[in-house]
Amino acid sequence: AVTNSLKYAEVNQATVSFIFEDNVCTIQIKDNGKGFDTSTQKHGLGLWNMQERALAIDATISIFSTFQWGTTITLRLVRMEEIQ
């Protein structure tokens, strides 16, 4: 997500946040770049790769973008209890 922001979004600021609450880890990447129309970009290789990687670790990913206002990508991963 950070690479995509730097490569395509013409950003001058991006933030990465890691939030740990109970058994949930949330990673959020926000940028102030040019944004894109999520309805037409859902099949792009970069977005598809992010979705596949999230699926591989049983995480959820949401992508919110507004043209000229930037993009926010949020990954939520629930930690599974250790099996004894």
Side-chain angles (χ1 to χ4, degrees):
V2 173
T3 300
N4 284 354
S5 290
L6 296 172
K7 194 171 182 179
Y8 301 111
E10 300 173 10
V11 301
N12 63 18
Q13 183 176 7
T15 59
V16 178
S17 303
F18 293 86
I19 303 162
F20 300 95
E21 294 178 325
D22 298 323
N23 65 334
V24 178
C25 173
T26 302
I27 302 169
Q28 189 170 72
I29 299 97
K30 289 183 177 184
D31 70 46
N32 66 346
K34 64 182 181 178
F36 60 94
D37 181 355
T38 57
S39 68
T40 61
Q41 294 294 319
K42 289 186 180 190
H43 301 291
L45 188 58
L47 298 176
W48 182 84
N49 279 336
M50 284 189 270
Q51 291 168 340
E52 288 296 308
R53 289 175 182 170
L55 182 64
I57 61 170
D58 292 326
T60 60
I61 189 167
S62 62
I63 302 168
F64 178 78
S65 188
T66 304
F67 187 67
Q68 300 298 345
W69 289 95
T71 301
T72 300
I73 297 175
T74 304
L75 179 85
R76 290 177 47 85
L77 176 63
V78 177
R79 185 184 76 178
M80 297 179 66
E81 298 298 320
E82 291 184 32
I83 300 173
Q84 297 195 14

message = Side chains of Val24 and Arg76, heavy atoms from C-beta outward: is any pair under 4.5 Å?
response = yes

Tightest non-hydrogen contact, residues Leu47 and Ile63, listed as CD2-CD1, 3.7 Å

Verify the distance criterion only: is there a donor paired with an acceptor across the side chains of Ser17 and Gln28 at less than 3.5 Å? no

*Are Leu6 and Met50 connected in the hydrophobic side-chain network, where two residues link if heavy atoms are under 4.5 Å apart?*
yes

Note to self: Counting C-beta onward and ignoring hydrogens, is there a side-chain heavy-atom pair between Lys30 and Ile73 closer than 4.5 Å?
What the structure shows: no

- [ ] Go through the steps to decide whether Ile27 and Thr74 satisfy the test side chain to side chain contact (heavy atoms under 4.5 Å, CB included), and finish with yes or no.
- [x] CA-CA 6 Å; Ile27 302 169; Thr74 304; over 6 Å; no

Are any non-hydrogen side-chain atoms of Thr71 and Phe36 less than 4.5 angstrom apart? yes

Notebook entry, point to check: Counting only N and O atoms by type, is there a donor-acceptor contact under 3.5 Å from the side chain of Ser65 to the main-chain atoms of Gly70?
Noted result: yes

Joint cluster assignment, Ile57 & Phe20, ILVMFWY side-chain distance < 4.5 Å: no

Audit row: Asn12, Asn32, side chain to side chain contact (heavy atoms under 4.5 Å, CB included) steps and yes/no: CA-CA 7 Å; Asn12 63 18; Asn32 66 346; 2.5 Å; yes

Interatomic distance, CG@Asp58 vs CZ@Arg79, rounded to 0.5 Å, equals 15.0 Å

For Ala9 and Asp31 the tightest heavy-atom approach is CB-OD2, 4.1 Å

| Does Glu21 reach the side chain of Ile19, with side-chain heavy atoms less than 4.5 Å apart? | yes

task = For Glu52, look at atom CD and say whether over 12 heavy atoms of other residues, nucleotides or ligands are found less than 6.0 Å away.
result = yes

- Looking at side-chain heavy atoms only, is the closest gap between Val16 and Val2 below 4.5 Å? yes

Closest non-hydrogen atoms of Ser5 and Val11, given as atom of the first, atom of the second and distance, are O-CG1, 3.8 Å

